[in-house]
Amino acid sequence: MRFIRDIHAAREGTGKPTISFEFFPFKTPEGEETFFGKTLPALLTARPDYASVTYGAGGSTREKTLEIVERIQNDFGLTTMAHLTCIRHTQAEIGGILDEAAKRGIQNILALRGDPPPGEEWAQTEDGFEYASELVAFLRDRGGFGIGVAGFPEGHIDCAEGREADWRHLVGKINRGADLVITQMFFDNADYFRLADYLNEQGVTAPLFPGIIPVASAGQIKKFSAMCGTTLPKAFATRLEALGDDADAVRDYGIEYATAQCHGLLERGVPGLHFYTLNKSQSVLRILDNLGLA
Ligand code: FAD
């Protein structure tokens, strides 16, 4: 498998964006069967460049991340990045997870702070890391991994000093050794380009991959956006409201909106498109088809 930074570098200047997919660990054997038997094979028809698998804030899905990444890489031949969070881990435990990742042939890690479970406050674990930037430095010193980090076009929800302060922290993560950034979902491209311009002004050359979510349910997107502080533009929210519980109509509108968003991003030469698939294939494939990228 390859470093994602090398996949990106091979594309630079060709005008062809990378396509990548994010998955989360399934909770049941049926979920696993559907994912490996149907969803992933369907998504592979779009010839993605890489994938990533999230890391649960706590509980059983944590162990699954490395296992799933290994299986996607070995059985399906797709370079896949494992997410890893600092929360509730000591540095020694993180070191053990990285040893295990290396043994499984994993070469790319998305270094994150993580969030506490709902209702709990963020607290640094004794002998753990406070910020993702410390995990980045740990990874860099250890060597052997390509390092990604999260970026927030509207600023991180916990950053009381505002958007630019959070962006400064992002530059800190990059300066400590990250070689790519994946953004949180956003619905107004102006937010992405504001962050991209800021990073450019700071001399950052690491690619900023926009994270795109095809909306499948109005309730779900309201919940997600409230949790992570993403703004739903007024016209978008009004239209979703009007579509109500008509699941097919909401899905079609989600596809239409994400297609338009991707068009706008591609027109200005983004390095790639990173899709939050929610472990589903249909909407993402239709968006890529609309864009002529499937
Ligand atoms: P950090 O970069 O550490 O930032 C956290 C907060 O601290 C921010 O407000 C930042 O501005 C502030 N900060 C950073 N450095 C400093 C400093 N030096 N001084 C003062 N303040 C500082 N969560 C999961 O649990 N599992 C996942 O798999 C997962 N995947 C994700 C993938 C993507 C692409 C994104 C965008 C998010 C993901 N998350 C995941 C959510 C993420 O863990 C949370 O958003 C978390 O709250 C912040 O993580 P971070 O890595 O950006 O943290």
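For this chain, numbers begin at 1 and follow the sequence in order. Values reported hereafter were calculated over all heavy atoms of this structure, with side chains retained and with hydrogens, waters and symmetry mates removed. Atoms within a ligand are numbered from 1 in the order they appear, just like the ligands themselves.
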Could you pull out, from His274, Glu134, Arg113, the option with a heavy atom nearest to atom 49 (O) of ligand 1?
Arg113
So which bit of Ile157 gets within less than 4.0 Å of ligand 1, heavy atoms only: side chain, backbone, both or neither?
neither
Measure from atom 6 (C) of ligand 1 to every heavy atom in Arg168, Met81, His156 and give the option owning the shortest one.
His156
The atoms of ligand 1 lying under 4.0 Å from a heavy atom of Ala132, numbered in the order shown, are 1 (P), 2 (O), 3 (O), 51 (O), 53 (O)
Kindly confirm or rule out an N or O of Lys173 lying under 3.5 angstrom from an N or O of ligand 1.
yes
Just heavy atoms, cut-off under 4.0 Å: does His169 contact ligand 1 by side chain, backbone, both, or neither?
side chain
Are the aromatic rings of Tyr198 and Phe193 close, with centres under 6.0 Å apart?
no
Is the closest heavy atom of Phe152 to ligand 1 under 4.0 Å?
yes
Could you tell me the separation between the CD1 atom of Ile255 and the OG atom of Ser283, rounded to the nearest 0.5 Å?
4.0 Å
Is the shortest heavy-atom distance from the side chain of Glu67 to the side chain of Arg104 under 4.5 Å?
yes
Atoms of ligand 1, numbered as shown, that sit under 4.0 Å from any heavy atom of Thr54:
28 (O)
Hey, could you give me the CZ/OG1 distance between Phe152 and Thr230, rounded to the nearest 0.5 Å?
9.0 Å
Within 4.0 Å of some non-hydrogen atom of Gln184, the atoms of ligand 1 are 36 (C)
Val53-Phe36 co-clustered via ILVMFWY side chain contacts under 4.5 Å:
yes
Filtering Pro25, Cys86, Ala150 for the heavy atom nearest atom 36 (C) of ligand 1 leaves Ala150
Show every salt bridge (Lys or Arg N to Asp or Glu O under 4.0 Å) that has at least one partner inside residues 217-235, sequence neighbours left out.
Lys222-Glu241
Please collect all salt bridge (Lys or Arg N to Asp or Glu O under 4.0 Å) contacts where either partner lies in residues 126-146, sequence neighbours excluded, each pair once.
Asp99-Arg142
